[in-house]
Peer 1: 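Here it is, the structure in full.
We name chains A, B, ... by the order of the sequence lines, and we start the count at 1 in each one.
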There are 2 protein chains.
Amino acid sequence: MGRPHQTLLSRTAIARAALELIDDRGYEALTMRALADRLGVRGASLYHHIGSKDDVLDLVSELLDAEIDHTPLRSAPWREGIAAYARGYRRVFQRHPNAIALVARRGVHTEGALSEYDTLLATLIRAGCTPALAAETAAALDFLVIGSALETYAAGFSRPPSEYRPDYPALADSLEAAARVDPAPTALDDRGFELGLRMILGGLAHQLKTAPDE
Amino acid sequence: MGRPHQTLLSRTAIARAALELIDDRGYEALTMRALADRLGVRGASLYHHIGSKDDVLDLVSELLDAEIDHTPLRSAPWREGIAAYARGYRRVFQRHPNAIALVARRGVHTEGALSEYDTLLATLIRAGCTPALAAETAAALDFLVIGSALETYAAGFSRPPSEYRPDYPALADSLEAAARVDPAPTALDDRGFELGLRMILGGLAHQLKTAPDE
DNA sequence: ACCTGAACACCGTTCAAGT
DNA sequence: ACCTGAACACCGTTCAAGT
């Protein structure tokens with residue numbers, strides 16, 4: 001059988017197990033003891049590879065970052081490329097809804113995210129933005145992605161639209177109309193995100209056409 | 001002196017103390033024992049008034065909701081009214097940065113938020129939106145507010161811009177240009193938010209002018 | 001009715017051991 | 001070098017007791 005154990009654990013194995021645990025059983029189920037369990041080891045062993053639970057959360061953030069497909073940013077035309085990138089960014093959180101609480105902790109600005117941002121900013125500048133405008137646009141796109149990821153998770157209006165009548169008639173009308181357009185529960189989130197994306201990128205295109213130097 | 005204590009505690013007193021504790025010492029310092037301490041009582045006493053810590057967090061969410069000024073929504077013209085409302089909404093989180101983790105838990109859609117949403121949607125419909133478009137626009141605005149609140153907290157790029165060179169030249173350029181526009185640390189967040197707001201409301205105004213029925 | 005002390009089952013983390 | 005058992009100081013929560 002060989003020696004009892006040499007390197008059962010590694011930082012990446014721990015990170016992957018942590019993300020699996022979050023996906024399977026929720027963010028609150030991520031406990032050092034539960035994590036060790038999933039790795040066939042006892043809680044204290046983890047501390048030979050990671051410094052703290054916070055350290056583990058950082059590693060999971062990096063895993064999520066790595067899932068973002070930033071190849072669309074390299075593809076012309078810039079407007080479709082950026083839209084595809086933003087959708088892919090958002091899709092990572094849709095795949096890991098239980099991990100969204102991580103975002104609130106620290107954002108997704110891990111070390112690995114820097115080159116993505118650099119590419120996004122370079123794309124915007126190449127499209128005609130000043131560097132300052134590029135930074136603002138990237139921020140706005142980020143807010144939209146992060147905000148929509150969170151809202152999906154928090155899904156506000158859980159009751160059937162009709163229950164909001166008669167106290168909140170505009171709310172009831174809007175929710176019913178939205179459900180008629182697409183009854184899927186996340187459809188309104190998706191459409192709100194797409195609207196924001198269209199407005200930001202459309203507005204930017206218009207601004208670049210009329211005043212290319214700011 | 002009177003009798004020893006009758007109703008030292010109440011749900012609102014607990015909620016207010018909880019928000020104070022979060023503001024003063026951070027989200028993680030909100031402990032049932034620390035909360036009881038601040039109220040001059042022992043931990044177990046709290047459970048005569050609230051059901052669980054989760055219950056307390058909900059109460060704090062309602063407190064934050066109540067801080068949002070939604071009077072601008074009633075003021076014409078709609079575009080400025082909605083912009084002022086969104087800024088005020090965001091300002092609540094700027095006043096309580098440590099409370100942003102609450103948002104990830106549940107969003108801000110407490111019972112008290114319903115009438116705000118109803119008013120926002122009514123304003124959009126009065127401005128010419130279909131109910132479905134109003135819902136999507138409200139969602140996009142929400143994403144922008146929530147996302148920008150979170151990003152401020154998570155403030156990504158903490159190092160001086162020059163450190164990102166030469167690996168990430170577009171990032172360094174953008175951050176330096178943004179700092180020249182306004183060196184305040186949250187300025188880029190503010191400007192990104194304003195850009196998103198301008199794009200969404202401007203795009204909407206344009207859409208309502210060219211195709212008033214969708 | 002409301003506050004309390006003590007207890008329960010958990011946490012994250014440390015550390016002297018073992019191999 | 002790496003895993004472990006036992007312990008530490010904490011959690012949220014419960015409950016029999018006191019007033």
Peer 1: Would you give a per-nucleotide map of nucleotides 6-16 of chain C, 5' to 3', where B means the base has a protein non-hydrogen atom under 4.0 Å away, S means only the sugar-phosphate does, and - means neither?
Peer 2: -B---BBBBB-

Peer 1: More than 12 foreign heavy atoms under 6.0 Å from CZ of B:Arg74: is that the case here?
Peer 2: no

Peer 1: Taking only residues two or more places apart in sequence, or in another chain, which ones meet A:Pro185 in a side-chain contact (heavy atoms from CB on, under 4.5 Å)?
Peer 2: none

Peer 1: Kindly write out the residues that satisfy salt bridge (charged side-chain N to carboxylate O under 4.0 Å, His left out) with B:Arg38, not counting sequence neighbours, or none if the list is empty.
Peer 2: B:Glu20, B:Asp24

Peer 1: Is it true that the side chains of A:Tyr117 and A:Asp142 contain a donor and an acceptor less than 3.5 Å apart?
Peer 2: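 Yes, because at least one side-chain N or O of A:Tyr117 sits under 3.5 Å from a partner of the opposite role on A:Asp142.
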
Peer 1: Do any pairs count as a salt bridge (Lys or Arg N to Asp or Glu O under 4.0 Å) and have a residue in residues 94-104 of chain A, sequence neighbours left out, and if so which ones?
Peer 2: A:Glu67-A:Arg95

Peer 1: One thing to verify: whether B:Arg165 and B:Glu176 come together as a salt bridge, which I'm taking to mean a side-chain N less than 4.0 angstrom from a carboxylate O.
Peer 2: yes

Peer 1: For DNA chain C, what dot-bracket results from Watson-Crick or G-U pairs at under 3.5 Å, with [ ] for crossers and | for inter-strand partners?
Peer 2: ||.|||||...|||||.||

Peer 1: Between A:Arg91 and A:Asp69, is a salt bridge (Lys or Arg N to Asp or Glu O under 4.0 Å) present by the stated rule, with each step listed?
Peer 2: CA-CA 10 Å; A:Arg91 212 175 300 123; A:Asp69 175 19; over 6 Å; no

Peer 1: Tell me, which pairs form a salt bridge (Lys or Arg N to Asp or Glu O under 4.0 Å) where one or both residues lie in residues 42-54 of chain A, sequence neighbours left out?
Peer 2: A:Asp54-A:Arg105

Peer 1: Hey, does the side chain of A:Ser45 come within less than 4.0 Å of D:dC2's phosphate (OP1/OP2), counting only N and O?
Peer 2: no

Peer 1: For C:dC3, does either OP1 or OP2 sit under 4.0 Å from a side-chain N or O belonging to B:His49?
Peer 2: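 Result: yes.
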
